[in-house]
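Single-structure report; data block below.
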Amino acid sequence: MKLVVVESPAKAKTINKYLGKDYEVLASYGHIRDLPSKNGSVEPENDFVMHYEVDSDSAKKFKPIVDAAKKADELILATDPDREGEAISWHVLEVLRAKKAIKDIPVRRVVFNAITKAEVTRAINNPRDIDMNLVDAQQARRALDYLVGFTLSPVLWRKLPGSRSAGRVQSVALRLICDREAEIEKFISQEYWDISADLDKKITARLTHVEGNKLDKFDIPNEKTAKDIEAKIKGQKLEVTNIEEKQALRNPKPPFITSTLQMEAARKLGFGAKRTMQVAQKLYEEGYITYMRTDGVYVAPEGIQSARSHIERAYGKNYLPQSPRSYQSKAKNSQEAHEAIRPADIAQTPEILSKKLDDDKARLYDLIWKRMVASQMNPAIFDQVAIDLQTQDKYAQFRANGSVVKFDGYRRVYEEGVDDGKEEEEKLLPKLDKGEVLDVKKLNPEQHFTEPPPRYSEASLVKKMEELGIGRPSTYASIISVLQDRDYVTLDKKRFIPE
DNA sequence: CAGTGAGCGAGCTTCCGCTTGACTT
C-alpha cells in the first residue's frame with residue numbers, strides 16, 4: 001500500500017477515488033506542528049533553532065497517518081504546491097521519522113495544481129524530492145512572524161495600556177487604516193465648478209474649452225467665474241465642429257480568487273469577509289465549487305471547456321471567443337497553489353441549485369458561477385460618440401458624449417460591482433452632422449467640492465493588503481477580526497475607523 | 001460586628017498560516 005498525504009480531507013476523498021485500491025490517501029488537516037506560544041520557541045542566539053510541538057489536537061488528527069505509515073511501502077507527500085505546503089510535507093516526514101513510523105521505504109514529493117484525474121495521475125508519475133530551499137523559506141517566515149509578534153506585543157502591553165498585540169501583518173493593516181484616517185483629517189475640501197448645457201434634441205454637453213484653452217478641474221474655482229463665463233455664452237447657439245465615432249471593447253474580469261470573491265460578495269451581497277468564507281467553505285465541502293482559499297486565476301482545462309460549451313449552448317456562437325481566455329495573477333507574491341474559485345460543474349446552473357441550497361449559499365454560488373462563465377465570454381462592444389460644439393464667437397467649446405452597447409458580450413451574464421462610484425449609464429446621442437447648429441435651452445453652472453479619500457471597507461482593505469503582499473488568502477478574514485477584537489478599529493457603516 | 005473599599009501584588013495576554021470541527025451566540 002502506498003500512503004499519500006494531502007492537506008484537506010475533501011481533497012483526500014476525491015484523490016482516493018482517482019488512485020484506487022493500491023493507495024491510501026489521508027489528510028494532515030493543515031500544519032501538524034507549530035511553535036508553541038511561549039518564550040524560547042525560536043532562539044536567535046543559537047542559530048535560530050526552532051522548537052516545534054505537535055499539540056494534542058494535531059496529534060489526534062495525525063494518528064491515522066502514523067498508523068498507515070507503519071504499514072505503507074511507499075510514502076507520497078502531496079501537500080499543496082506552495083511554500084507552506086512544502087513545509088507541511090517536510091514536517092510530516094520529520095514527525096514520522098521521529099516516531100519511527102517509517103523505515104526504509106521510498107519517500108516522494110508530488111505536486112498538482114488541479115484535482116482532476118489526469119493531473120493527479122501525471123503528478124504521481126513525476127515525483128521529486130522535498131525542496132529544502134522552499135522549506136527553509138517557510139521556516140524563516142515562521143520564525144520571523146514569531147519573533148516580531150512575541151517581541152513587539154509585550155513592549156506594547158507595557159507602553160500602551162489597552163493594546164494587546166502587534167505583528168507583521170496586523171500592524172501594517174492597522175497602519176493603513178490609520179494613515180487613511182490622517183489623510184482624511186488633514187484633507188481640505190476644494191471648491192470647483194463645471195458648466196453644462198442642455199441643447200435641442202435632449203443633448204447635454206459639458207464645457208471643455210474657454211478661449212481655446214482646455215479647462216482643468218479647478219479652472220472655474222468659484223461662482224463669480226462661473227457666472228462670468230455663463231454670461232458670455234448666454235444667447236449664443238452651438239455649432240457642431242467635430243464628430244468622433246469609435247468602438248470600445250471591454251473584456252470580462254478573471255474568475256474569482258479569495259480576495260476578489262470577498263470584494264464582490266461585499267459589494268453585491270453585503271457579506272463580510274468572514275461570512276463569505278464560511279459560506280464558500282460549505283459550498284466547497286459539498287462539492288459545488290473548487291477550493292476557496294487561493295490566489296491563482298488559473299482554471300483547469302476541463303473547467304474552461306465546460307464553460308465554453310455552456311456558453312455556446314446557452315447564448316450562441318457569438319458569445320464564444322475563438323480560443324479560450326487565460327488570465328495571469330497580478331499580485332507579485334502570489335503562490336498559485338490552487339486554481340481559481342469556480343463551479344465544480346458548470347452544468348449545475350444557479351437556477352437548478354437555488355432550489356437545493358439555502359439562501360446564502362445560493363447567492364454566493366450564483367456570483368461564482370456567473371463570474372466563471374463570463375470570464376470565458378466575448379468582450380462587450382460599445383459604440384462611443386464624442387461631439388464637439390462651439391459657440392458662434394468661438395469663445396467656448398462643449399463636448400457631448402454618447403455610449404451605446406452594441407453587443408453585450410460577457411455582460412449578458414455578469415458585470416463586476418463598483419465601490420464608491422456611480423454606475424456609468426448608457427446614453428444615446430441622435431445623429432448629427434458637422435456644421436449643424438443647435439439652440440442652447442439652458443446653461444447649468446454647478447458647484448462641487450473635492451471629497452476626501454474614503455475609509456477602508458473590509459473589501460478595499462483586503463485588496464490593498466493583497467497588492468502590498470501582506471497576509472494570505474487563508475488569513476485576510478482573520479486579520480480583520482483581530483483588529484476589531486483588540487478594539488483597534490471599529491466598523492461604522494461598514495468602514496474602518498481607528499480607535 | 002459586618003460590610004466596604006483602598007492598596008497591593010500575582011498572573012495573564014501575544015505572532016502568521018495551513019486545515020476542520022466542536023463549541024457558543
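In what follows, chains are A, B, ... by sequence order, proteins preceding strands, each numbered from 1. Keep in mind the model is a prediction, meaning the values are calculated, not measured.
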If we ignore angles and hydrogens, is there a donor and acceptor under 3.5 Å between the side chains of [X] and [Y]?
X: A/Tyr414; Y: A/Glu264; answer: yes
X: A/Ser259; Y: A/Glu466; answer: yes
X: A/Thr79; Y: A/Arg109; answer: yes

*Between A/Ile311 and A/Gln376, which heavy-atom pair has the shortest distance, and what is it?*
CD1-O, 3.5 Å
*Under 6.0 Å from the six-membered ring centre of A/Tyr488 and within 45° of its axis: does the NZ or CZ of A/Arg486 meet both?*
no
_Could you check whether A/Lys464 makes a cation-pi contact with A/Tyr456, meaning its NZ or CZ is under 6.0 Å from the centre of the six-membered ring and within 45° of the ring axis?_
no
*Which is the 5'-most and which the 3'-most nucleotide of DNA chain B that has an atom under 4.0 Å from a heavy atom of chain A?*
B/dT13 to B/dT20
Using a heavy-atom cut-off of 4.0 Å across all strands, would you classify [X] as base, sugar-phosphate, or nothing?
X: A/Arg164; answer: base
X: A/Gly30; answer: base
X: A/Gly85; answer: nothing
X: A/Ser8; answer: sugar-phosphate
X: A/Ala166; answer: sugar-phosphate
X: A/Tyr476; answer: nothing
X: A/Val169; answer: sugar-phosphate
X: A/Arg486; answer: sugar-phosphate
X: A/Gln170; answer: sugar-phosphate
X: A/Ser165; answer: sugar-phosphate

*Any chance the rings of A/Phe407 and A/Tyr319 have centres within less than 6.0 Å?*
yes
_Taking the six-membered ring for Trp, are A/Tyr291 and A/Tyr284 closer than 6.0 Å centroid to centroid?_
yes
*Closest-nucleotide ordering on DNA chain B, the 5'-leading residue of A/Gly149 and A/Tyr291*: A/Gly149
*Report the residue (A/Val148 or A/Asp80) whose heavy-atom-nearest nucleotide on DNA chain B is the more 5′ of the two.*
A/Val148
*Given pairs defined as Watson-Crick or G-U wobble with both distances under 3.5 Å, what dot-bracket annotation applies to DNA chain B, with ( ) intrastrand, [ ] crossing, | other strand and . unpaired?*
.........................
*Residue list, side chain to side chain contact (heavy atoms under 4.5 Å, CB included) with A/Val95, at least two apart or on another chain*: A/Ile32, A/Arg33, A/Val54, A/Phe62, A/Lys99
